[in-house]
Number of protein chains: 2
Amino acid sequence: MIDWDDFRNFLAIARHGTLSAAARSLKVRQSTIGRRLSAFEARLGVLLLQKTPRGFVLTPAGDVAFAEAEKMEAAAMAADRAITGRDVRLEGEIRLTTVETLAAELLTPILARFADKYPGITVKLITGTETLSLASREADLSVRLARPSGGDFVIRKLGDVGFGLYASASYLAEHSANTPDGARHRVIQMAGESAAFPEMVALTRRFPDGDIALRSDSRYVQLAACKADMGIACLAHYLTANTGLVCLADCEADREVWLVQHRDTHHMPRLKVLSAALSTGLRLGTGR
Amino acid sequence: MIDWDDFRNFLAIARHGTLSAAARSLKVRQSTIGRRLSAFEARLGVLLLQKTPRGFVLTPAGDVAFAEAEKMEAAAMAADRAITGRDVRLEGEIRLTTVETLAAELLTPILARFADKYPGITVKLITGTETLSLASREADLSVRLARPSGGDFVIRKLGDVGFGLYASASYLAEHSANTPDGARHRVIQMAGESAAFPEMVALTRRFPDGDIALRSDSRYVQLAACKADMGIACLAHYLTANTGLVCLADCEADREVWLVQHRDTHHMPRLKVLSAALSTGLRLGTGR
DNA sequence: AAATCGTTATGCATTTTTGCATGGGGAAGA
DNA sequence: TCTTCCCCATGCAAAAATGCATAACGATTT
C-alpha cells in the first residue's frame, strides 16, 4: 500500500501552491517535497498536481485525492488531540497564544504567580498576529479579542477591553489650538488588514480627514509614536496607564476577551488550572 | 507534526496482535515495526500498546488512537480507489479473485479469449480461500459463491452452481450392495470452517453416520480422493464432467455466483470489458 | 534591458531508516 | 524434561531518504 505520509505532503503542496512553501510548512527541504510528490504520482500512475506559472494546481484526479487527504488530516489531528488530551499530569508544557500587549501587560504577572504555584508546568507564551490552530494542536489555549465562531471549542469570557483615543500633552498643545476639531489631526494607524479592527475603524470615523502619521501593526510602536508626539493613537486603556498620555475620548468599540481551547483537551488538569488562574487573575473591565 | 505512516504501523500491530504478524502484513521486518512503534509512542509520550504474554493489547489511550487511525485508513483507501478509478486506459493489470475450481475449469477459457481481444490488459487470477478486500484494493474484481452483503459494491449475478454427491463406480460396487442406504458410507469432507458451506452441510445431513474418509479444503484433492474410491464427495457438477464418477443425487443446495467490484472503480473501462466478458462467457446453470 | 527575487531540478555528501543475523525468552508439544 | 516454534530486542551492514549547494528558469521591478 501507499505511504500515508505521502498524502500529507501532497496536501501541503496543494494548499500552499508551491513546493517551497509546502516544504517550509513541513520543516523539510524543497527537494524532499518535490521528490516525494514525484514518487507518489509515479506509484499511483496519475498526475495529481500540474505545474503552472503560478505554482501547482490540482488536476481532476488531484481534486478527489485532496478531499480524502483532508479527511485523513482531520482524523490524524483528532487522534493527536485525543491522545495528548489523556495526559492527566500537572506537569509539562502549555502553549498559550494571544496578542503581544495582553501578554506583556496583563498575562505576565498572572503567569508569574502561576509558575510559583505549579513549578512542574511550563507555559510557552506565543504572541503574534496569525491565529494558531487549536484543532491541529499548534496551541493549547488561546486568549482572543473576539468571540470565536464555529469549531469544536470550549470558550469562556474573561472580560472586556476598552479603547481610547490618546495623544501626548505636547502634541495636543500644538494641534488642538490651531485646528478645528477633527480636521488636520495626525493619526497613528494599523497596517494592512488589521486596520479593519473595530476600534481602528472608530478612529478613522472620528478623524476621517486626518493625515496618517504612521502605520504599524505593533501596539508598542504605536504607543511609542504617540509618546513622541506623532499624533493620535487608538490604544487600550490598560496599555496607557501611567504613561502621561491624554485620553481624548473613549472609542465605544469594546472588544471582548475570550479564553478558547479545544473540546478534546478540555478536561486536561494542567489546562484546567491555568484556565482557572487566568479567569480569576484577569480583572478586566472596559476601563471607563 | 507526527508522521501519518506511524498510524498505519500502529493500526497493523493493534490488528494483528504481534509485531511479527504486523510486519508481514506490511511487508517489512519485525524490527522495523518495533522500532517505529517505540519512536511513535516516545513522540506522543504515551503508551499505546502494552506487551502481554499473548501479544500486544491496546491501552485506553491506544483505544482512541485506534478508532481515529481506522478513519484515516478509510480515507486513504477511498483516495486510492478514487485515484486509480480514474484510470481510463484499456491497459494495465486487473486482479481477479475467485475459488480455484471456478478459476481453472470455467474462467480460464474465457480469459484466454479475453487476452486475445485485449492484449494490453493483464489479468492476474488470484485463487485462495481467504476473501481479499475490494475496499482496500487488494483486488479489482471478485467472483464469489454467495451474494455479498453490505459494503459499497456493485454486484452482478453470473448464474448458479449445482452440486451433486459423487462416487466412483468401483466404490459403489463395493459399498452399495452390502450397506443399507446412508449408513456406513465413507464421506469426503471439507476441513475447518469450510464444512459449514451449504452443500457440505447437505452432505452431512444425507450421510449423518458416514465415516469421514478424508478432510481437505481443496476440491481437487476431494475429486482425486473420490476417483481413488475413497468415498462420497460433494462436488460441483461442472467439476465432475468427463470424470466417469457417478452422481448419486443432487445436493439441492445451489450456490449463486456473483461478480463483485467496488463502486469507486465501477466505471473503469478495463474492468467494464472484463466484467462483460465474464458475464457473457459464463453460461452457468445448476447442472440439472 | 538588467537586476533581483522566488521558484524548481539535480548531483553529491550525510544522515536516517531498514534489513539481516543473532541471541534470549516464553509457550506448546513430544 | 527436552525439543521446537514463534516471539521480541539489538548490533551491524546495506539501502534509502534527506539536506545542502548549485544551476536554470520565470516574473517583477528598477
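In the text below, chain A, chain B and the rest are named by the order of the sequence lines, each starting its count at 1.
As rounded to whole Å, 10 Å separates atom P of C:dT8 from atom CD1 of A:I33. Counting to the nearest Å, the C1' atom of C:dT16 and the CG atom of A:D3 are 15 Å from each other. Look at CG on B:L37: it is 16 Å from C1' on C:dT17, rounded to the nearest Å.
Partners of A:R215 by side-chain hydrogen bond (donor to acceptor under 3.5 Å, both in side chains), not counting sequence neighbours: none found. Not a single side-chain hydrogen bond (donor to acceptor under 3.5 Å, both in side chains) links A:Q261 to another residue, sequence neighbours left out. Residues forming a side-chain hydrogen bond (donor to acceptor under 3.5 Å, both in side chains) with A:D140 (at least two apart in sequence, or on another chain): A:R95, A:R137. With sequence neighbours excluded, no residue satisfies side-chain hydrogen bond (donor to acceptor under 3.5 Å, both in side chains) with A:T122. Looking at residues two or more places apart in sequence or on another chain, you find a ring pair (Phe, Tyr, Trp, His ring centres under 6.0 Å) between A:F7 and A:F40.
Pairs engaging residues 20-39 of chain A under the ring-ring contact (aromatic ring centres under 6.0 Å, His included) rule: none recorded [sequence neighbours left out]. Listed by first then second residue, pairs satisfying side-chain hydrogen bond (donor to acceptor under 3.5 Å, both in side chains) with a partner in residues 39-48 of chain A read A:D6-A:R43, not counting sequence neighbours.
Using a cut-off of 4.0 Å between Lys/Arg side-chain N and Asp/Glu carboxylate O, A:D3 and B:R8 are scored as not salt-bridged. Taking the charged nitrogens against the carboxylate oxygens, B:K124 and B:E138 have no contact shorter than 4.0 Å, which rules out a salt bridge. A salt bridge is defined here as a Lys NZ or Arg NE, NH1 or NH2 lying under 4.0 Å from an Asp or Glu carboxylate O, and B:R81 with A:E68 fails to meet this definition.
Counting all heavy atoms, side chain and backbone alike, B:L96 lies closest to B:V143 at CD1-CG2, 4.0 Å.
Backbone-only contact: A:R36 has heavy atoms under 4.0 Å from sugar-phosphate atoms and none from a base.
Residues of residues 48-59 of chain A having a heavy atom closer than 4.0 Å to DNA chain D: none are found. Within residues 4-28 of chain B, the residues approaching DNA chain D are B:T18, B:L19, B:S20, B:R24, by heavy-atom distance under 4.0 Å.
Each end of the helix from C:dA1-D:dT30 to C:dA30-D:dT1 gets its own axis, taken as the rotation carrying the C1' atoms of four end pairs onto the next four within a five-pair window, and the two axes meet at 20° to the nearest 10 degrees.
For B:R29, a side-chain nitrogen or oxygen approaches OP1 or OP2 of C:dC20 to under 4.0 Å.
Bounding nucleotides for the chain B contact on DNA chain D, 5' to 3', at a heavy-atom distance below 4.0 Å, are D:dC7 to D:dG11.
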Side-chain donor-acceptor distances from residues 16-24 of chain B under 3.5 Å, at least two apart:
unit_1 : atom_1 : unit_2 : atom_2 : d
B:H16  : ND1    : B:A12  : O      : 2.9
B:T18  : OG1    : B:A21  : N      : 3.0

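Between the side chains of A:T204 and A:Q189, at least one donor N or O lies within less than 3.5 Å of an accepting N or O.
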